[in-house]
Amino acid sequence: MAEMGTTSGPEILLPIGPPRPGRPRRAQLESALREAVRTGRLAAGQRLPASRVLAGDLGVSRRLVVEVYTQLSAEGYLVGRPGSGTRVSDLPLPPATSAPAAPRSPDRSPRWDMRPGIPTLSAFPHHLWRRAWTAALGAAADSDLAYPDPAGHPRLRQVLAAYLGRVRGVDAHPERLLLCAGFTQGLHLLAHTLRARGARTVALEDPGLPHRAPILHQAGLTVLPVPVDHDGLLVDQLPEQGVDAVLTTPAHQFPTGAVLAPARRETLLAWAGRSGAIVIEDDYDGEFRFDRRAVGCLQGRAPDRVVYVGSASKTLAPALRLGWMVSPAELHTDLLPTKFLADHGSPTLDQLALAHLIEAGDYDRHIRAARTRYRTARQALQQAITRHDVPLRLVGTPAGVQTLATQLDGTHPDQLTARAQAIGIAFDSITRFQLTPDAVPLGVVIGYGNIAPHAIDEAIALLATITNGQRESP
Ligand SMILES: Cc1ncc(COP(=O)(O)O)c(C=O)c1O
């Protein structure tokens, strides 16, 4: 760490000496300020030195300080007020534990990659995508190369609306469908739009996807964790008042694998009707159910209360950054300027390629093949666990590309995850997804989407050398 020293102008303790080698000065200053705000050393409302003054103190360019202030303002740590300079924001900040996990660097690729949420990347339909993309480019009019419609290309909206209605029971009208960069951007847009409409609190399933809470916090929203059990979200625990929206994964709770029970679906919609709240339905892997035909989405039952969010991250590949939202009409209208300001619209040629893929029937065929592959992979995981007598029990509905596995020997999931990682097997502890540390159930979340069935057996055989050795030595 660089030497600490106080700045001029309001005095603030910051790394003031020569920069720590190997890390850009800008990154060092950003993280020092972030940490100071997080730990409360810089209180809400505290004025920061003028950029010129701080630049002089630190011996860096003024531009660097301005960039740092801009970045931290975008992240919600600071606010710039005309006439009164830059101050520490008084918005609620995410607790340190709910910060988004650092992006996983490719050079840390594990030997056996069983991290949840990843589809079979080697089965991406290269030739079909190339064909669809070439057809899209060939058929594109000059006007298609202008700035896109922020809602998405009309052709894809039409084709996708028909697909979502046919396959997921979405009440999808092209004029209420918005294309976005995956669920992640969808939630970001919703958070800012709901906040601008006066929303304050969003209820979240606990456990769930780690970056939901930071996205909502960044928009100035407060998060209310609501537990889940084997029937999904505990709907009865939603307060009658004071919650503006609830984010749920009813088709396949992430990461516990529960399907929202029919009675709870009804209770949830009735609650939304009474309280006026919006239900955000994250249908991230709705096409991949193995034990029966998929249950239709919630949104089809109450299109005036539910926002449906879908993504190509599981069906094709996360790298495409293609997602979609179907919203109640008024909310859809409010989302459009937010989307426009975010990115001026999603890339048109990728949208047209997806439209071609769906229209040609290739998307359906690809999904059918993927479903069979994931069903087989999940069975291979179950068989390997039985064959190698590993004390894990797969729970949740057989669906998607990962499963929760509860531990039968009482080992803490963090410990098992760390020990597995040390021998080249990567999966996640449930604690990575928890908003409240004591949320149950305990277990590990194992992905089988991006690993070949024979490799699943190898990995579980190797895991047995840890778990079974442990059982023998008390
Ligand atoms: C619960 C959940 N929702 C949504 C997504 C998809 O996110 P995105 O569309 O931003 O890739 C994932 C991906 O892992 C997920 O696990």
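Indexing begins at 1, ligand by ligand and atom by atom, following the structure's order. Sequential numbering from 1 along the given sequence is applied to the chain's residues.
Looking at Ser313 against ligand 1, only its side chain comes within 4.0 Å, counting heavy atoms. Under 4.0 Å from ligand 1, heavy atoms of Thr184 appear from its side chain as well as its backbone. Contacts of Arg321 with ligand 1, taken as heavy-atom pairs under 4.0 Å, involve the side chain alone. The side chain of Phe254, and not its backbone, has at least one atom closer than 4.0 Å to an atom of ligand 1 (non-hydrogen atoms only; side chain from C-beta on).
Between Tyr363 and Tyr163, a ring centre-to-centre spacing shorter than 6.0 Å is recorded.
Below 30°, between 30° and 60°, or above 60°: for Phe254 and Tyr284 the angle between ring planes is above 60°, a perpendicular geometry. Ring geometry, His126 versus Phe124: the interplanar angle exceeds 60°, so the pair is classed perpendicular (tilted spans 30 to 60°).
Checked against a 3.5 angstrom limit, the closest N/O atoms of Tyr284 and ligand 1 fall outside it. Considering backbone and side-chain atoms alike, Gly182 places every N or O at 3.5 Å or more from each N or O of ligand 1.
Partners of Gln185 under the side-chain contact (heavy atoms from CB on, under 4.5 Å) rule, at least two apart in sequence or in another chain, are Cys180, Ala181, Leu189, Lys339, Ala342, Asp343.
The protein non-hydrogen atom at the shortest distance from atom 16 (O) of ligand 1 is Leu209 CD1, 3.4 Å. Nearest to atom 7 (O) of ligand 1 among the protein's heavy atoms is Phe183 CB, 3.6 Å. Of all protein heavy atoms, the one closest to atom 2 (C) of ligand 1 is Asp282 OD2, 3.4 Å.
Using modelled atom types and a 3.5 Å distance limit, the side chains of Thr120 and Ser122 yield no donor-acceptor pair.
Within the structure, ring pair (Phe, Tyr, Trp, His ring centres under 6.0 Å) pairs that include any residue of residues 296-350 comprise Tyr147-His344, Phe340-His344 (at least two apart or interchain).
Residue contact check: Lys314 has heavy atoms under 4.0 Å from atoms 12 (C), 13 (C), 14 (O) of ligand 1. Atoms of ligand 1 found under 4.0 Å from any heavy atom of Ser311, numbered from 1 in the order shown, are 8 (P), 9 (O).
Remark: side-chain polar atoms of Asp282 are not paired, donor with acceptor, to backbone N or O of Thr249 under 3.5 angstrom. Although no hydrogens or angles enter the test, the distance criterion places no donor-acceptor pair under 3.5 Å between the side chain of Arg115 and the main chain of Phe427.
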